[in-house]
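Each remark here refers to the structure printed beneath this line.
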Amino acid sequence: MFRSRSRAKKAWKIFLILLLTGLVLFPLSAKEPLNAIAVPLTEIIKVPLTIVSLIEQTLEAGGKALQSLIDLHGKNQVLTDELARLKIEHNRLEELAAAAERYRTLFDFQQHCPYPTVVAQVIGRDPTNWHRSLVIAKGERDGVIAGMGVITPLGVVGRVLKVNRTFSVVQLILDRNNAITALVQRTRDEGIVQGVENGRAMMKYLPPLASVESGDVVVTSGLDDRFPKGMVIGIVNRVEKKTATPFKSATLTLHADFSTLEEVVVLLATTPLDGRDSECSMPHKDDGEGGA
Amino acid sequence: MKFLVYGGVVLLIIPFQVVVVHRFAIEGIVPDAVLVTVCLVGLWRGEFEAVVLGLVLGFLQDLLSGATVYLNLMTKPLIGLAIGIVGRTPLSLIRWMIPILITGISFVSGLIILFLLQASSSEMDVVQALLSIVLPQALYDGVLGAIVLLATFRLFPTLHRRVWNP
């Protein structure tokens with residue numbers, strides 16, 4: 001019985017070998033019947049293959065997109081931080097550039113001004129609504145004393161009212177208690193420039209026959225010892241004559257914007273330094289490289 | 001401890017009034033943070049502390065202003081005294097009355113300063129000063145007082161309970 005079973009196995013083996021050899025060695029035409037089965041089978045198998053392939057491709061693309069999104073998020077974070085840093089840096093540099101420009105203007109002004117001066121930073125403004133003043137970061141230590149004139153390249157600012165060791169209070173030309181002797185540049189009519197209630201300045205006590213007009217430039221007269229003669233105060237805005245007084249008065253438009261002043265120049269003396277012209281004004285733009 | 005707190009208040013309020021408050025100016029009018037501080041201290045801590053604080057703050061305010069007379073040194077302790085007395089009345093228990101009280105006190109204080117200045121300078125236009133300085137500042141002080149009150153009660157709710165539920 002065992003012998004017959006081993007013979008059958010041997011017969012099957014020989015049959016399989018012959019079949020495989022036959023399939024390989026058979027001519028192509030002989031494979032036609034197999035192909036007839038294979039074609040529909042491949043068509044059927046093609047559907048899940050395509051689906052799986054599509055899923056695989058989609059997953060791969062999704063993975064890549066996710067990865068790139070993660071990368072982008074990281075890069076975006078880095079760039080956002082960088083942008084914020086650069087914005088701060090840009091603001092800082094803009095502020096520095098503006099300060100440098102202001103200091104350059106003040107330096108040029110100082111160079112062209114024949115009087116000894118000191119540049120002071122504005123650190124505060126009047127804590128009440130009743131007076132118009134500035135607090136500057138220069139005091140007795142820097143040679144500032146009460147009564148000194150304070151100017152900017154644009155014109156007269158006021159006078160030093162109170163002095164401490166390291167800071168001073170400057171009474172603005174707009175203050176009601178401040179008065180500066182002035183004259184109209186064109187007509188040479190003299191008067192007194194004084195602040196009025198609503199934060200404006202007026203030139204009072206102009207002669208009744210003065211031919212002052214709107215647009216005339218008002219400068220310091222040099223009669224008091226705070227300001228040298230010829231420093232610009234402002235421009236005549238409107239001339240008026242009240243019936244109660246024999247004098248004319250004129251409202252002025254001042255050159256300097258006192259609400260945004262950041263630096264001022266304190267006149268330490270009103271006598272020119274040796275060998276220098278007594279004119280204290282801003283150099284013209286066409287003076288050359290350093291003249292702006 | 002109390003001295004330290006008041007010292008801190010002085011060191012905070014004066015630079016705030018001189019340097020920062022001008023950024024909030026409306027038509028050139030700035031609120032008086034010193035007045036509001038003295039008022040609130042008067043309401044919460046009584047007239048004695050308000051008067052002393054008013055003396056110190058008023059003196060410093062005059063030192064840093066273009067004033068030639070010590071107007072704030074005179075008016076700020078008076079404000080502290082007045083508001084301290086009002087603070088003992090049931091009026092101060094009504095929360096929304098506080099900004100109105102501050103407005104009133106600021107207005108009266110402005111009037112005192114106006115007449116003192118008018119006495120020293122005959123050229124002063126009283127009506128214009130009243131309309132362009134005294135009145136707007138009183139209103140602004142009331143608004144600032146209301147803001148400070150709200151902020152204080154948000155930050156320190158226990159203070160709120162202590163003040164209005166003693």
Could you tell me which residues in residues 203-216 of chain A have at least one non-hydrogen atom under 4.5 Å from a non-hydrogen atom of chain B, sorted by residue number? A:K204, A:Y205
Would you mind telling me which of B:P136, B:A67, B:G28, B:A25 has the largest number of heavy-atom pairs within less than 4.5 Å of chain A? B:A67
Whatever's closer than 4.5 Å to a heavy atom in chain A on B:D62 counts as backbone
Does any heavy atom of chain A fall under 4.5 Å from the side chain of B:L63, the backbone, both, or neither of them? backbone
CD1 of B:I113 to CH2 of A:W130, rounded to nearest 0.5 Å, is 6.0 Å
B:V21 versus chain A, heavy atoms under 4.5 Å apart: side chain, backbone, both or neither? neither
If you tally heavy-atom pairs under 4.5 Å between each of A:T128, A:D175, A:V122 and chain B, the highest tally belongs to A:T128
Could you state the interatomic distance from CG (B:L64) to NE2 (A:H131), rounded to the nearest 0.5 Å? 13.0 Å
Taking salt bridge (charged side-chain N to carboxylate O under 4.0 Å, His left out) as the definition, give me every residue that meets it alongside A:E82, ordered by chain and number, with sequence neighbours left out. A:R85
Between B:I14, B:L71, B:V30, B:V19, which has the largest tally of heavy atom pairs under 4.5 Å with chain A? B:V30
Would you sort out whether B:L117 and A:R176 count as a side-chain contact (heavy atoms from CB on, under 4.5 Å), showing the intermediate values? CA-CA 11 Å; B:L117 286 174; A:R176 201 169 20 83; 3.8 Å; yes
Side chain, backbone, both or neither: which part of A:I123 has a heavy atom under 4.5 Å from chain B? backbone
With B:E49, which residues qualify under salt bridge (charged side-chain N to carboxylate O under 4.0 Å, His left out), at least two apart? B:K2, B:R45
Examine distances only and state if a side-chain atom of A:D126 and a backbone atom of B:G66 form a donor-acceptor pair shorter than 3.5 Å. yes
Partner set under salt bridge (charged side-chain N to carboxylate O under 4.0 Å, His left out) for A:E95, not counting sequence neighbours: none
Report, as yes or no, whether the 6.0 Å neighbourhood of atom CZ on A:F107 holds more than 12 heavy atoms from other residues, nucleotides or ligands. no
Nearest 0.5 Å please: distance from the CD atom of A:Q171 over to the OG atom of B:S65. 9.5 Å
